[in-house]
Amino acid sequence: MTKRLTDVARKAGVSEATVSRVLNGRGGVSEATRTAVLTALDVLGYERPTKLRGERARLVGLVLPELQNPIFPALAEVVTGSLAQRGFTPALCARTIGGVSESAYVEMLLDHQVSGVIFAGGSYALADASHEHYRRLTDRGLPVVLVNAGVEELGFPRVSTDDAVAVEQAYGHLRSLGHERIGLVLGPEDHVPSRRKLSALRRAAGWAEDDDRWVERSSFSMEGARVAATKLVDRGVTGIVCASDVLALGAIRAVRRLGRSVPDDVSVVGFDDSAFMTCTDPPLTTVRQPIETMGQAAVDLLVTQIEGGGVLADELLFEPELVVRGSTAPAPEPGRARP
C-alpha cells in the first residue's frame with residue numbers, strides 16, 4: 001500500500017496524503033486533482049478501490065497493429081498529442097508478433113475503465129477475423145473510433161482515406177507515363193481497404209470482375225511484397241501500384257533482384273507517404289494519407305462521444321494526395337519491355 005501511494009503521488013504530482021484522501025473518498029480535494037490521481041492509478045496499472053471502479057478514467061486507449069511501419073508511429077504522435085491537449089491520458093497498445101493480442105488489449109483497457117478507444121489497422125479491417133472483442137465495447141457503451149476502412153456491421157464511426165481516389169490517382173499517373181500493363185500488390189483477400197482499392201482499379205482499368213491476372217496479394221511486409229511483385233514483373237508489368245509504402249519497398253527490391261531497374265524498367269507507386277520515403281533509392285512516388293487531419297478528426301469524434309454528444313456511425317472520407325518522386329518514369333520502349 002505504501003509503495004502504491006508513493007508511486008501514484010509521484011505520477012500525479014501531489015502528496016501521498018492527497019492520494020490517500022482520494023482513494024478513501026474524503027473531501028477537501030479539487031476535481032482536477034482527484035482526476036489526476038485516478039488517472040495516475042490507471043496508468044500505473046493499480047486496481048481502483050471498489051467504490052471508484054464505476055467511474056471511467058480520463059484514459060483513452062490507442063490500439064495499433066504494429067510500430068515497424070512508420071505510418072503508425074506518425075498517427076500515434078498526432079493522436080496522443082491531441083488527446084493530451086484535450087485533457088486525456090493516452091494509453092498506447094501496439095501488437096507484436098507473439099505478443100499481446102488485440103482482444104487481450106481490449107480486456108486490459110476495459111479493466112482500467114478507459115473513457116474510449118481509437119483503433120487503427122486492427123481486426124475490424126479483416127472481414128474474416130473475429131470481431132467479438134469489439135462487440136464487448138459496444139455492450140459497455142464505450143466510445144470507439146476506427147481509423148481507415150472496416151467491416152460495416154460494427155457500427156463505429158470511421159475516419160478513412162478515400163481508397164478509390166488513391167488508386168485512381170496512382171493508376172492515372174502511371175497511365176499518363178505510357179504504362180499499359182499495370183499490376184497491383186494488395187493485402188490479404190479479406191482486407192477491406194485492399195478490397196476497395198481493387199474495386200477502384202477494376203473500374204479505372206475496365207477489368208472484368210473475375211480478372212485477377214495483374215493482382216497479387218501479400219502480408220504487409222517487404223518480404224511478402226517481394227514475392228508478389230516478382231510474379232507481376234515475370235508477367236510483364238511495367239508499373240506496380242502497392243497498398244502501402246512497405247509493400248512498395250518490397251516491390252523495388254523484387255525488381256532489382258530480377259536484374260532490372262526502378263524506374264527505368266518498372267515504375268512503383270506506394271501508399272501512405274510515411275517517414276523517410278524521400279530518402280529511399282529512388283525516392284518513392286506514393287499517395288499521401290492526410291494523417292494529421294485524420295488523427296485529429298478521430299480524437300474529435302471520440303471526445304464528442306465521451307462528452308455525451310451524438311455521433312452518427314458514418315465514415316468520414318479524407319482526400320489523399322499523389323506525391324511524385326523518383327520511383328516512376330515513362331514506360332520503357334516496347335522492345336525493352338518483357339512480353
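Everything numeric in this text was worked out from a predicted model, so none of it was measured.
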So, T285 side chain and V324 main chain: donor-acceptor pair closer than 3.5 Å or not?
no

Do I118 and V299 make a side-chain contact, defined as non-hydrogen atoms from C-beta onward lying under 4.5 Å apart?
yes

Can you pull the side-chain hydrogen bond (donor to acceptor under 3.5 Å, both in side chains) pairs that have at least one residue in residues 64-89, sequence neighbours excluded?
R86-D300

Pairs involving residues 150-201, ordered by first then second residue, that meet ring-ring contact (aromatic ring centres under 6.0 Å, His included) (sequence neighbours left out)
H191-F220

Is there a path from V323 to V165 through hydrophobic residues (I, L, V, M, F, W, Y) whose side chains come within less than 4.5 Å of each other?
no

Between L154 and V192, is there shared hydrophobic-cluster membership here, with clusters defined by ILVMFWY side-chain heavy atoms closer than 4.5 Å?
yes

Could you list the residues that satisfy side chain to side chain donor-acceptor pair (under 3.5 Å) with S261, not counting sequence neighbours?
none

Side-chain contact test, heavy atoms from C-beta onward, threshold under 4.5 Å: evaluate it for V147 versus M294 and give yes or no.
yes

Mind running side chain to side chain contact (heavy atoms under 4.5 Å, CB included) on L109 and V60 for me, showing each step along the way?
CA-CA 8 Å; L109 293 170; V60 169; over 6 Å; no

Those residues at least two apart in sequence (or on a different chain) that pass salt bridge (Lys or Arg N to Asp or Glu O under 4.0 Å) with D190 are none

Test side chain to side chain contact (heavy atoms under 4.5 Å, CB included) applied to S130 - qualifying residues, sequence neighbours left out
E132

Any side-chain to backbone donor/acceptor pair from S194 onto G187? Under 3.5 Å, distance only.
yes

Check whether the side chains of T18 and R21 place a donor and an acceptor atom closer than 3.5 Å, and report yes or no.
yes

Donor-acceptor contact below 3.5 Å, side chain D162 vs main chain A164:
yes

Selection residues 279-332 - residue pairs positive for ring-ring contact (aromatic ring centres under 6.0 Å, His included), sequence neighbours left out:
none

Point-to-point distance, once rounded to the nearest 0.5 Å, from CG of L186 to CZ of R196:
14.0 Å

As an exercise, state the distance from NZ of K11 to OG1 of T39, rounded to the nearest 0.5 Å.
10.5 Å

With a 3.5 Å distance limit and no angle check, can you tell me whether R58 reaches the backbone of G87 through a side-chain donor-acceptor pair?
yes

Hey, is K197 close enough to E168 for a salt bridge, meaning N to O under 4.0 Å?
no

Holding to salt bridge (Lys or Arg N to Asp or Glu O under 4.0 Å), I want the full list of residues that pass it with R203, two or more places apart in sequence or in another chain.
none

R217 with D212: basic N within carboxylate O range, under 4.0 Å
no

Side chain proximity check, T238 to V266, heavy atoms < 4.5 angstrom:
no

Evaluate the side-chain proximity of R175 to I182: yes if any heavy-atom separation is below 4.5 Å, no if none is.
yes

Would you say F119 ends up clustered with L317 if hydrophobic residues are merged whenever their side chains have heavy atoms under 4.5 Å apart, either directly or through other cluster members?
no

Rounded distance (nearest 0.5 Å) linking atom CG of N148 with atom CG of D163:
6.5 Å

Do Y134 and E102 meet the criterion of a side-chain donor-acceptor pair at a distance under 3.5 Å?
yes

Gap between atom SG of C242 and atom CG of D272 - 0.5 Å precision
11.0 Å

Among V145, V79, L62, find the one that has a side-chain contact (heavy atoms from CB on, under 4.5 Å) with L302.
V145

Enumerate the residue pairs fulfilling side-chain hydrogen bond (donor to acceptor under 3.5 Å, both in side chains) with a member in residues 317-327, sequence neighbours excluded, ordered by first and then second residue.
D273-R325, R288-E321

Do D245 and T286 have side-chain N/O donor and acceptor atoms under 3.5 Å apart?
yes

Tell me if a side-chain donor or acceptor on S267 pairs with a main-chain N or O of A329 at a distance below 3.5 Å.
yes

Measure the shortest side-chain to side-chain distance between V269 and T328 over non-hydrogen atoms and say whether it is less than 4.5 angstrom.
yes

State which residues pass side chain to side chain contact (heavy atoms under 4.5 Å, CB included) with T304; sequence neighbours excluded, sorted by chain then number.
V311

Looking only at side chains, do S20 and N24 share a donor and an acceptor under 3.5 Å apart?
yes

Check the hydrophobic clustering (I, L, V, M, F, W, Y; side-chain heavy atoms under 4.5 Å; chains of links allowed) and say if Y124 and L110 are grouped together.
yes

With E16, which residues qualify under salt bridge (Lys or Arg N to Asp or Glu O under 4.0 Å), at least two apart?
none

Donor-acceptor under 3.5 Å (Y105 side chain, A94 main chain)
yes

The criterion is side chain to side chain donor-acceptor pair (under 3.5 Å); which residues satisfy it with R226, sequence neighbours excluded?
none

Supply the atom-to-atom distance T280 OG1 to I252 CD1, rounded to the nearest 0.5 angstrom.
5.5 Å

Kindly work out whether a path of hydrophobic side-chain contacts (I/L/V/M/F/W/Y, heavy atoms less than 4.5 Å apart) joins L301 to I306.
yes

Applied to residues 60-80, the ring-ring contact (aromatic ring centres under 6.0 Å, His included) test, sequence neighbours excluded, yields none

